[in-house]
Amino acid sequence: MKIKIFVFLLPILLVFNVTNCGTSGSSNTRQTQPLKTIYKDYFLIGNIITPSYLRGEYLDLLTTHYNTVTCENQMKPDALAPAIRGGQYNWAQADNMLNEMAANDILVHGHTLVWHNQTPSWMTEGTAAQVRQNMINHINTVLSHYKGRIFSWDVVNEAVKERINPGENYEDWRNQLRTESGWFKALGADYVELAFRTARAADPDVMLYYNDYNLNNQRKAQVTAAMIEEINNRYKAEGNSRNLIDAIGLQAHYGLTVRIDDVRNTIERFAGLGLKVDISELDVEVRSVGGSSFGTRKDSRLLDTEARQQALVYAQLFNLFKEYKDHITRVTMWGMDDESSWKSMGNPCLFDGDLNPKQAFFAVVDPNRTLRL
Ligand code: 9MR
């Protein structure tokens with residue numbers, strides 16, 4: 001008799017267990033399993049952190065749902081390197097974040113070493129030889145500080161022009177790099193390869209990424225692929241058995257009109273080069289308000305129809321990412337919630353400004369259910 005009662009109760013106990021295993025600060029997400037559990041057989045699930053994410057409900061949400069993070073700004077050159085030539089590196093803030101993440105078993109992806117933005121101006125000033133040495137010193141200093149603690153880095157961020165227009169000659173990738181970059185001005189197109197070679201020599205255990213946006217534009221994807229392929233071929237022709245550029249980060253700052261087939265083509269193009277293809281900065285903006293989507297606006301509310309459309313996009317994207325799980329190691333969102341997001345006016349995140357899960361959250365939890373509704 002006791003056994004019969006137990007068999008009868010078992011399914012109820014199991015359902016209860018599944019629906020209660022989340023412990024996030026937001027009570028509604030307790031209805032689901034954590035995202036990192038749902039996707040454990042597919043890829044890591046990430047978000048960004050800033051110092052203000054390291055407490056209260058934010059930290060609860062982070063530790064419940066995510067198993068990898070990227071520091072939003074705190075490991076960029078202007079955060080770590082001294083503002084003035086010859087000054088001290090500033091490790092305290094990023095180290096604090098790294099320790100907190102280690103205590104919670106959350107992996108940290110490094111962002112970023114060489115970029116045209118958020119970089120102290122002295123680094124790219126002087127003769128070509130000086131600028132070259134500045135880059136080498138910066139990469140060596142940062143990788144040796146984090147040795148054994150950070151396993152993947154965006155080595156070069158956004159080197160290719162923002163977009164490549166139809167009709168433009170994009171045969172040679174060297175002509176399609178951002179000319180406003182201080183690194184490009186001083187060193188020409190060779191700075192990209194120099195950065196990767198320096199990083200590999202500084203710490204061969206680190207996975208090296210090229211990270212960029214607008215890669216659904218197939219012209220930009222083609223130029224970027226040509227750049228990576230040439231650099232990797234040269235490296236392998238020297239007898240190296242692995243690629244120099246191990247992976248690409250697709251920033252994935254999308255809107256409602258994103259075409260899933262473009263995302264698929266882009267993933268296939270880079271996977272075809274033998275690269276890991278990670279989704280490094282995912283958000284799906286619903287609308288731009290007054291021509292700009294930037295700003296922190298808690299009162300920028302979503303219409304129900306918009307929330308639904310956004311959920312459909314997230315659902316299609318995650319189904320696609322699952323298809324490519326053998327190539328994708330990490331899907332990282334660029335923002336926890338619609339208030340703190342860099343694009344808060346466009347409500348691009350899974351949680352609203354009060355940290356309640358949106359339809360978009362449930363779409364990531366169960367894409368097929370959202371698509372069937
Ligand atoms: O989210 C970041 C924002 O807080 C900064 O003001 C901005 C300044 O450059 O950088 C944002 O992060 C960017 C990331 O580092 C690289 N890809 C684009 C991201 C959004 O601009």
Side-chain angles (χ1 to χ4, degrees), residues 46-54 58 62 66 68-81 83 90 93-94 97 108-121 123-124 138 142 150 152-163 177-178 180-184 192 195 208-217 220-221 224 247-255 258 263 266 277-286 288-289 291-298 300 330-351 353:
N47 213 312
I48 48 174
I49 52 169
T50 69
S52 62
Y53 280 175
L54 297 184
Y58 276 114
L62 193 75
Y66 301 95
T68 177
V69 295
T70 304
C71 295
E72 184 172 15
N73 289 300
Q74 293 73 19
M75 289 186 183
K76 291 175 177 173
D78 69 348
L80 296 180
N90 311 297
Q93 195 176 39
M97 299 169 95
V108 177
H109 170 78
H111 174 79
T112 179
L113 295 167
V114 174
W115 193 18
H116 63 280
N117 242 333
Q118 290 181 280
T119 299
S121 52
M123 278 190 160
T124 54
H138 178 68
V142 174
I150 296 188
S152 56
W153 271 94
D154 292 333
V155 177
V156 176
N157 198 40
E158 301 168 5
V160 179
K161 275 187 200 163
E162 176 150 345
R163 64 185 72 248
L177 298 192
R178 284 176 188 267
E180 75 271 30
S181 161
W183 300 111
F184 182 88
V192 177
L208 308 181
Y209 282 69
Y210 176 74
N211 192 49
D212 211 334
Y213 61 96
N214 276 351
L215 287 166
N216 284 346
N217 172 318
K220 178 160 177 173
T224 307
I248 185 149
L250 307 181
Q251 290 190 11
H253 295 300
Y254 296 148
V258 61
V263 185
T266 297
V277 184
D278 282 3
I279 312 302
S280 56
E281 307 187 7
L282 175 62
D283 48 18
V284 178
E285 211 182 1
V286 165
S288 305
V289 183
S292 159
S293 56
F294 295 80
T296 293
R297 289 288 303 276
K298 198 168 181 166
S300 163
R330 168 176 61 97
V331 176
T332 294
M333 326 268 167
W334 204 253
M336 180 65 77
D337 68 279
D338 285 346
E339 187 185 0
S340 63
S341 158
W342 70 299
K343 279 186 168 179
S344 63
M345 297 285 276
N347 299 79
C349 299
L350 303 188
F351 295 92

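Model, not experiment: these values are computed from the prediction. Start at 1 and go down the list; that is how both ligands and their atoms are numbered. All heavy atoms count here, side chains included; hydrogens, waters and symmetry mates do not.
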Take Thr70 and His109 through the side-chain hydrogen bond (donor to acceptor under 3.5 Å, both in side chains) test and state the conclusion after the steps.
CA-CA 5 Å; Thr70 304; His109 170 78; 5.2 Å; no
Stepwise side chain to side chain contact (heavy atoms under 4.5 Å, CB included) test for Tyr53 and Val69:
CA-CA 11 Å; Tyr53 280 175; Val69 295; over 6 Å; no
Note: Thr112, heavy atoms under 4.0 Å from ligand 1, region reported as neither
Would you mind finding which of Glu158, Gln251, Glu72, His253 brings a heavy atom closest to atom 2 (C) of ligand 1?
Glu72
Show the nearest heavy-atom pair for residues Ile248 and Leu215, with the distance to one decimal.
CD1-CD1, 3.9 Å
Do the side chains of Thr50 and Gln74 get nearer than 4.5 Å, heavy atoms only?
yes
For Glu281, the atoms of ligand 1 under 4.0 Å from one of its heavy atoms are 14 (C), 16 (C), 17 (N), 18 (C), 19 (C)
Does ligand 1 come near enough to Asn73 that some N or O of the ligand is less than 3.5 Å from an N or O of the residue?
yes
What verdict does the side-chain hydrogen bond (donor to acceptor under 3.5 Å, both in side chains) test give for His253 and Glu285, after you've listed the backbone C-alpha separation in whole Å, the side-chain angles of each residue and the deciding distance to 0.1 Å?
CA-CA 8 Å; His253 295 300; Glu285 211 182 1; over 6 Å; no
Give the atoms of ligand 1, by number and element, whose distance to some non-hydrogen atom of Asn157 is under 4.0 Å.
16 (C)
Option of least heavy-atom distance to atom 11 (C) of ligand 1 (set: Lys76, Gln118, Met75)
Lys76
In Å and rounded to the nearest 0.5 Å, what is the OG to CG distance from Ser181 to Asn157?
11.0 Å
At under 4.0 Å between heavy atoms, what of Tyr213 touches ligand 1? The answer is neither
With the threshold set at under 4.0 angstrom, would you say Asn211 reaches ligand 1 through any of its heavy atoms?
no
